[in-house]
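Contents: one structure, followed by commentary.
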Amino acid sequence: MGNPFAATDEPLPLVVDLDDTLLATDTLHETLVQNFFKHPMQTAVACLSVFQGRAAFKARLVDIEPPDVSSMPVNNELRAYLEKESASGRDIHLATAADARIAEQVATRFSWISSVSGTSDGTNLKGATKAESLAERFPNGFVYAGDSSADISVWEKAASAIPVNVSSNTAAALEQRAKKIERRFDNGSGASGLKNWRKALRLHQWSKNVLLFVPLMLSHSYFNLDAVLSVLAGFFIVSVAASGTYIVNDLADLSADRRHPTKKERPFAAGRLPVLQGAIVAAMLILLSITAGFALSIPFGVTLLTYLATTFAYSFRLKRVVLLDVILLSALFTLRIFMGIALVGAGVSIWLIAFSCFFFYAMSLAKRHVELINRSAEGDAALIPGRGYRVGDWPVTLAHGVAATAGAIIIIVMYLSQEAFPSGLYSEPSWLWATPVLIAAWTQRIWLLAHRGELDDDPVSFALRDPISIIMGVALAVFFVAATVL
């Protein structure tokens, strides 16, 4: 429908809400999550201020540290409409329940916003309070763009409504009030929502947890049904825990991800999934996995807790420490092997653990190296958002990575000669010499692609999609079977 006009033929002012309307996220939830990761103790204390009212709670969170609104995702379809209306001479006003200081920062991003009002001085500008305030400011009428049931009282005072991604219940309430609709914006949900959740949970990353099966295979316990079932259950438990930690990592990295050329498309960074829902889902997944882990096996549960503690230490702070971040990533891979050992009850192979540490340290460096190479045009002094690296650090990641790769290959040779061959578990162990050859060939290719900037993901995930890597993996499995049964 066309714009409503006052008697003077001047278009009525258009008032737009902020959270989940102009911005494709909720600034309160983002502030809470951001401060929880950066200032956990202060945030916990600030949560007590909720008993003084929502306005006091919002103000206390912003006092700790305001969110980075400059990178927050915008509802682009609505923004284009507002820009068009502003260009035609219409006044655009921002009225939000967000803290006024946040609203003012957002307004600096959009030159076409004429005025800003938000929660301040103990008054939460939401629902009926916002409706009365706008009715007093615009006695000749106004048009309001909002997104939630709390905006219904505002729409009752408005001349017409602009619903933005409203729920079916809110849409029905508007229809019952026979409210005039100026424009409607709806980005859809359903299948796209499920797709975004699959992406956020990183279901494809569950493949990394096949490392739990390594002790089962190397100890030749694959005919032990109890061991197989235990490892299979452990695989799903660790995968659920990992999905929870991936969400935690995404929430901790929101601002940095939004400045990254590819990570900005992650569901939470792009505003396609609500931040608060992500925090709730992550907590549920992690608690469920811990409970199931201890029910399966106490040693497994303890190792899983160690894995989670290491992950949280990485996500909260240590991922910003140069080189320590990749050491922790390699430790997370190695802990998966320890979990497999706990479930199978096999002895710990020092050679296997040493190989895992060196190999995954090298692969973690390859992932970091490609990030530096892809940003080489920014200059050596440029910082990687959310990390402690400068672009000019690429010779360090290359040198350390190649050296660790060589170390891993030497260790696998030592493992074969000192442990695998004398074990008597292989009928024809000479076939196992293909292992260091294939690993050397594969890792050389990984480093070549990483240095060219052509590695589009971490090496493990890349290998699962790369035909050459898959062929090498199949060949490795064939040589292992040959060594075992021939």
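Within the structure, the salt bridge (Lys or Arg N to Asp or Glu O under 4.0 Å) test picks out the following pairs touching residues 362-379 (sequence neighbours left out): D325-R368, R368-E371, R375-E378. Applying the salt bridge (Lys or Arg N to Asp or Glu O under 4.0 Å) definition to pairs two or more places apart or across chains, none involves residues 468-483.
Formation of a donor-acceptor pair under 3.5 Å by the T43 side chain with backbone atoms of N35 is found in this model. Although no hydrogens or angles enter the test, the distance criterion places no donor-acceptor pair under 3.5 Å between the side chain of T21 and the main chain of L18. With hydrogens and angles ignored, the 3.5 Å screen pairs no side-chain donor or acceptor of R90 with any backbone N or O of L82. Side-chain N or O atoms of D19 include one that pairs as donor or acceptor with a backbone N or O of T27 at under 3.5 Å. Side-chain atoms of K38 never come within 3.5 Å of backbone atoms of I64 as a donor-acceptor pair (strictly under, hydrogens ignored).
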For F110 and I92, run side chain to side chain contact (heavy atoms under 4.5 Å, CB included): C-alpha distance rounded to whole Å, both residues' side-chain angles, the deciding distance at 0.1 Å, then the answer.
CA-CA 10 Å; F110 311 105; I92 310 296; over 6 Å; no
Evaluation steps, side chain to side chain contact (heavy atoms under 4.5 Å, CB included), between R390 and L383
CA-CA 4 Å; R390 294 185 175 90; L383 291 171; 3.5 Å; yes
As a quick check of understanding, evaluate side chain to side chain contact (heavy atoms under 4.5 Å, CB included) for L305 and I290, giving each step before the final call.
CA-CA 7 Å; L305 271 183; I290 292 173; 3.8 Å; yes
I would like to know whether E30 and L23 meet side chain to side chain contact (heavy atoms under 4.5 Å, CB included); could you show each step before the answer?
CA-CA 12 Å; E30 293 232 0; L23 294 182; over 6 Å; no
Candidate pair S376 and W394, rule side chain to side chain donor-acceptor pair (under 3.5 Å), full reasoning
CA-CA 9 Å; S376 57; W394 69 262; over 6 Å; no
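T306 contributes atom OG1, which lies 11.0 Å from atom CG of L332 (distance to the nearest 0.5 angstrom). The OH atom of Y307 sits 9.5 Å away from atom CZ of F312, with the distance rounded to the nearest 0.5 Å. Separation of atoms OG (S207) and CG (N209) is listed at 8.0 Å; rounding is to 0.5 Å. Put simply, CG on L323 and OG on S364 are 11.5 Å apart, with the number rounded to the nearest 0.5 Å.
If you look at F421 and W433, their ring centroids are closer than 6.0 Å.
Salt bridge absent: D253 and R266 never bring a charged side-chain N and a carboxylate O closer than 4.0 Å. Using a 4.0 Å cut-off between charged side-chain N and carboxylate O, R60 and D99 make no salt bridge. The pair D466-R445 meets the salt-bridge criterion, with a side-chain N (NZ, NE, NH1 or NH2) lying under 4.0 Å from an Asp/Glu carboxylate O. Comment: R387 does not engage D393 in a salt bridge, judged by the lack of any side-chain N to carboxylate O separation of less than 4.0 angstrom.
Taking every heavy atom of both residues into account, R258 and S71 meet most closely at CD-O, 3.2 Å. For the residue pair S70 and R109, the shortest heavy atom distance occurs at O-CZ, 3.5 Å. Heavy-atom minimum distance, T25 versus P73: CG2-CD, 4.3 Å. Between A46 and L61, the closest heavy-atom pair is CB-CD2, 4.2 Å. Scanning all heavy atoms of the two residues, the minimum distance from S86 to W112 falls at OG-CB, 3.1 Å. Between A145 and V164 the shortest heavy-atom distance is CB-CG2, 4.5 Å.
Using the six-membered ring where Trp is involved, F480 and Y426 have ring planes that are perpendicular, over 60° apart on the 30 and 60° scheme.
With F333 as the aromatic partner, R336 meets the cation-pi criteria of under 6.0 angstrom to the ring centre and within 45 degrees of the ring axis.
Of the N and O atoms on the side chains of Q34 and S255, not one donor lies less than 3.5 Å from an acceptor on the other residue. There is a side-chain donor-acceptor pair under 3.5 Å between S243 and W206.
Screening L308, V240, T311 for a side-chain contact (heavy atoms from CB on, under 4.5 Å) involving I286 leaves a single residue, L308.
Applying the 6.0 Å contact sphere to CZ of F358 captures no more than 12 heavy atoms from other residues, nucleotides or ligands. No more than 12 heavy atoms of other residues, nucleotides or ligands sit less than 6.0 Å from atom CZ of R184.
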